[in-house]
Q: 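Before anything else, here's the structure in question.
Starting from 1, each residue takes its place in the sequence as its number. Values below: all heavy atoms of this structure, side chains included; hydrogens, waters and symmetry mates excluded.
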Amino acid sequence: MEKSSLVALVRHQLEIARGSSSGRSASTVYGGHEHVLRQTVIALRAGSSLGEHENPGEATVQVLHGRVVLAAGENVWEGSPGDLLTVPPSRHSLEAVEDSAVLLTVAMRG
């Protein structure tokens, strides 16, 4: 068994995102390309985003810090700490309303 402090990881990734020209940073917490399940902490500086992209598999976004907006076409969902957003199976984007961090969980399609 492995144990990770998401609080410490969020703090660290937010520091990196704040200093990055892209305004974002990410760290895989569990899984990867050789696994079906992958969990990644993504930090976004206020106003930065993950532009519209395809959904690689079933996915959820758990908001750990800040406020985000998940958008897919005309549909928009706002998330605050403690919220779990189900990522739609269509093209979508994620924008940080304020400095934010989320836990992205993806079950990759085989």
Q: According to a hydrophobic-cluster definition based on side-chain heavy atoms being under 4.5 Å apart (Ile, Leu, Val, Met, Phe, Trp, Tyr only), do Leu50 and Val69 belong together?
A: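 Looking at the clustering, Val69 is in a separate group from Leu50.
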Q: With a 4.5 Å cut-off on side-chain heavy atoms, are Glu2 and Tyr30 touching?
A: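 No, side chains not in contact.
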Q: Does Ile42 share a hydrophobic cluster with Leu14, counting links as ILVMFWY side-chain heavy atoms below 4.5 Å and allowing steps through other members?
A: no
Q: Of all heavy-atom pairs between Ala72 and Ser90, which one has the smallest distance, and what is that distance?
A: CB-OG, 3.8 Å
Q: Should Trp77 and Pro88 count as side-chain neighbours, where that means a heavy-atom distance under 4.5 Å?
A: yes
Q: Inspect the surroundings of CD in Glu78 and state if more than 12 heavy atoms from other residues, nucleotides or ligands are less than 6.0 Å away.
A: no
Q: To the nearest 0.5 Å, what is the distance between CD on Gln13 and OG on Ser27?
A: 5.0 Å
Q: What distance separates Leu44 CG from Arg67 CZ, expressed to the nearest 0.5 Å?
A: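 These two atoms lie 14.0 Å from each other.
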Q: Return the minimal non-hydrogen interatomic distance between Thr40 and Arg38, and the atom names on each side.
A: OG1-CG, 3.9 Å
Q: Going only through I, L, V, M, F, W and Y residues with side-chain contacts under 4.5 Å, is there a path from Leu94 to Val87?
A: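 Same cluster.
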Q: Checking Gln39 against Thr105: is there a side-chain donor and acceptor pair closer than 3.5 Å?
A: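 Their side chains do contain a donor-acceptor pair, which is all the 3.5 Å distance test asks for.
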Q: Could you measure the distance from the CG atom of Leu85 to the CD atom of Gln62? Nearest 0.5 Å is fine.
A: 9.5 Å
Q: Atom CG of Asp83 and atom CG of Leu64: how far apart are they, to the nearest 0.5 Å?
A: 11.0 Å
Q: May I ask whether Val10 and Leu103 are part of the same hydrophobic cluster, defined by side-chain heavy atoms of I, L, V, M, F, W, Y residues being less than 4.5 angstrom apart, directly or through others?
A: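 Linked, Val10 and Leu103 end up in one cluster.
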Q: What's the spacing between Ser93 OG and Leu70 CG if we round to 0.5 Å?
A: 7.0 Å
Q: Taking all non-hydrogen atoms of both residues, which atom of Arg24 and which atom of Ser20 are closest, and how far apart?
A: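 Where Arg24 meets Ser20 most closely, the heavy atoms are O-OG, 3.6 Å.
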Q: When you group the ILVMFWY residues by side-chain heavy-atom contacts below 4.5 Å and let the links chain together, are Val76 and Val97 in the same group?
A: yes
Q: How many angstroms lie between atom CZ of Arg45 and atom OG of Ser25, to the nearest 0.5 angstrom?
A: 11.0 Å
Q: Which pair of non-hydrogen atoms, one from Ala43 and one from Ala17, has the smallest distance, and what is that distance?
A: O-CB, 3.7 Å
